Amino acid sequence: KPIVAKAGTGCRSCTADHLATCAGSLAEALGFARGDGIQSTEVQERIALCAEELNIWERRDATPKSFVELPEQDKDFLRRWLPKGRGLRHQLNDIQTIEDLEKTAAHAQRLHLEARKELQSTPNSPFLDEVQRQAKRVKVGELTKEQAVREIEEWQKSVKA
């Protein structure tokens, strides 16, 4: 049974992941656009995938309900990054030419790299530290995934208490 993260539990790393998907998708779209034109199905599907990623990040992972439960460090991160993501999403909606796509793809790659650098330069949240600790225990066979999930849930309860 897979371990599924709740919305709003890994915002800094999730931000970098969503931007990575978006940057990769736009790079692929650009490759197709140069051969098939901006209106090709392959191009439009990849642009749509990037928009979906940004919408999931903004409208699911960073909902007010999820946001209020985050550690301050993650809240600060999202306060800085949500406007950047929104700007990229608006730029996506304005793509009409290959040149527009080139600019947007380059912007997405810059944002992804910037988010990764910031993620690497700041320590993890206590929640992510606990998840990593439990993952190591599962890897060496000390406990099952299910036990690790239960221990993480108990840890979260103790922290909120």
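This is a predicted model, so every value here is computed, not measured.
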Are the side chains of [Y] and [X] in contact, using a 4.5 Å heavy-atom criterion?
| X | Y | value |
| --- | --- | --- |
| V138 | T144 | no |
| T97 | I38 | no |
| L49 | E52 | yes |
| Q109 | L113 | no |
| Q91 | K103 | yes |
| E102 | R34 | yes |
| D36 | V43 | no |
| E72 | K75 | yes |

Tell me the closest heavy-atom pair linking [X] and [Y], and the distance in Å.
| X | Y | answer |
| --- | --- | --- |
| A108 | L88 | CB-CD2, 3.9 Å |
| A148 | L143 | N-CD1, 3.5 Å |
| D100 | D94 | OD2-O, 3.5 Å |
| I98 | A33 | CD1-O, 3.4 Å |
| A105 | A27 | CB-N, 4.5 Å |
| W81 | L19 | CZ3-CD1, 3.7 Å |

Is the shortest distance from a Lys or Arg side-chain nitrogen in E42 or R46 to a carboxylate oxygen in the other one below 4.0 Å?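 Result for this pair is yes, salt bridge flagged.
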Any ion pair linking R79 and D76 (charged N to carboxylate O, less than 4.0 Å)? yes
So if I apply the side-chain hydrogen bond (donor to acceptor under 3.5 Å, both in side chains) rule between R137 and each of Q147, E142, Q132, which one comes out positive?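 Between R137 and the candidates, side-chain hydrogen bond (donor to acceptor under 3.5 Å, both in side chains) is satisfied uniquely by E142.
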Starting at [atom1] of [X], measure out to [atom2] of [Y] and round the result to the nearest 0.5 Å.
| X | Y | atom1 | atom2 | result |
| --- | --- | --- | --- | --- |
| L78 | E58 | CG | CD | 10.5 Å |
| I56 | C14 | CD1 | SG | 11.0 Å |
| Q96 | Q39 | CD | CD | 7.5 Å |
| L54 | L92 | CG | CG | 6.0 Å |

Heavy atoms of other groups near R89 CZ, more than 12 under 6.0 Å: yes
Just do the side chain to side chain donor-acceptor pair (under 3.5 Å) check on Q134 and E130 with the steps written out, would you? CA-CA 6 Å; Q134 294 295 351; E130 180 63 16; 2.9 Å; yes
Should L30 and F32 be counted in the same cluster of Ile, Leu, Val, Met, Phe, Trp and Tyr side chains packed under 4.5 Å apart?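 The answer is yes; both residues are in one hydrophobic cluster.
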Do the side chains of L111 and L82 join up, straight or via other hydrophobic residues, at under 4.5 Å, putting them in one cluster?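 Hydrophobic grouping puts L111 with L82.
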Any sub-3.5 Å donor-acceptor pair from S25's side-chain atoms to T21's backbone N or O?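 Flag not set: sc S25 to bb T21 has no pair under 3.5 Å.
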Given the rule in the salt bridge (charged side-chain N to carboxylate O under 4.0 Å, His left out) test, do E153 and R150 qualify, once you have shown the distances and angles that lead to the verdict? CA-CA 5 Å; E153 289 170 348; R150 281 193 297 276; over 6 Å; no
